[in-house]
Amino acid sequence: MTFSGYYYAVGPILAMLVVGLLVLLLRWSFSHGRSLVERRPRSGSSGEYGLLEVVSAPATFVEAEVQRRTLVEAGIRATLAPTTEGPRVMVFPEHAGLARQLLAGPGPLD
């Protein structure tokens, strides 16, 4: 049994299999509600942000952004996190003390 007479059909069949595989892959990747890549963001509590430590709990997001920029200008990496308790300015623990001092303002003059 030789396949010499069927070589003309191998190319189109292989092309259809590849297109079918691509269709299945794209249907899976663009389906709603089951994607592993994109999830709707949600707010968590201030304890759900890993290593970051809360240094300020301002009342509004505008105040929080001003405080965050103050810390960034001082060379401290800071994050504004929209937590379930409200906006929080967070930094890594090794910079928390300095960040609190900067946000408290200048101390009393002696």
Side-chain angles (χ1 to χ4, degrees):
M1 178 178 204
T2 63
F3 294 104
S4 62
Y6 297 108
Y7 282 122
Y8 68 91
V10 172
I13 290 173
L14 187 60
M16 282 193 227
L17 287 173
V18 169
V19 169
L21 181 65
L22 285 174
V23 167
L24 290 175
L25 182 67
L26 289 172
R27 281 188 62 128
W28 172 75
S29 64
F30 287 105
S31 63
H32 295 288
R34 295 183 302 230
S35 175
L36 300 176
V37 178
E38 181 181 347
R39 294 186 188 136
R40 290 192 181 266
R42 67 170 187 85
S43 295
S45 69
S46 57
E48 295 182 36
Y49 284 87
L51 293 175
L52 296 176
E53 186 175 321
V54 177
V55 293
S56 177
T60 66
F61 282 97
V62 174
E63 291 176 41
E65 180 61 21
V66 169
Q67 292 176 358
R68 186 193 70 82
R69 285 183 183 229
T70 301
L71 294 175
V72 169
E73 288 172 2
I76 298 173
R77 289 190 304 171
T79 300
L80 169 57
T83 67
T84 54
E85 298 97 19
R88 299 294 184 257
V89 178
M90 301 178 145
V91 299
F92 286 104
E94 60 267 12
H95 299 286
L98 179 59
R100 286 187 181 101
Q101 287 177 352
L102 284 170
L103 294 177
L109 298 175
D110 292 328

Output every pair passing side chain to side chain donor-acceptor pair (under 3.5 Å) with a member in residues 92-101, not counting sequence neighbours, ordered by first then second residue.
E53-R100
Step through the shown structure and confirm whether more than 12 heavy atoms of other residues, nucleotides or ligands are within 6.0 Å of CG on L51.
no
Connected hydrophobic set around F61, excluding itself, where side chains approach under 4.5 Å:
L80
Single-linkage hydrophobic cluster, 4.5 Å side-chain cutoff, V54 and V89 together:
no
Heavy-atom side-chain proximity of E63 to S56 below 4.5 angstrom:
no
Derivation of the side-chain contact (heavy atoms from CB on, under 4.5 Å) call for S45 and T83:
CA-CA 5 Å; S45 69; T83 67; 5.9 Å; no
Could you give all pairs that pass the side chain to side chain donor-acceptor pair (under 3.5 Å) test and reach residues 69-79, with sequence neighbours left out?
E65-R69
Looking at CG of L17 and CG of L22, how far apart are the two atoms once the value is rounded to the nearest 0.5 Å?
11.0 Å
Decide whether L98 and F92 are clustered together by the hydrophobic rule: side chain heavy atoms of Ile, Leu, Val, Met, Phe, Trp, Tyr closer than 4.5 Å, transitively.
no
Inter-residue atom distance R68.CZ - M90.CE, 0.5 Å rounding
14.0 Å
What is the minimum heavy-atom distance between A96 and V91, and which atoms define it?
CA-CG2, 3.7 Å
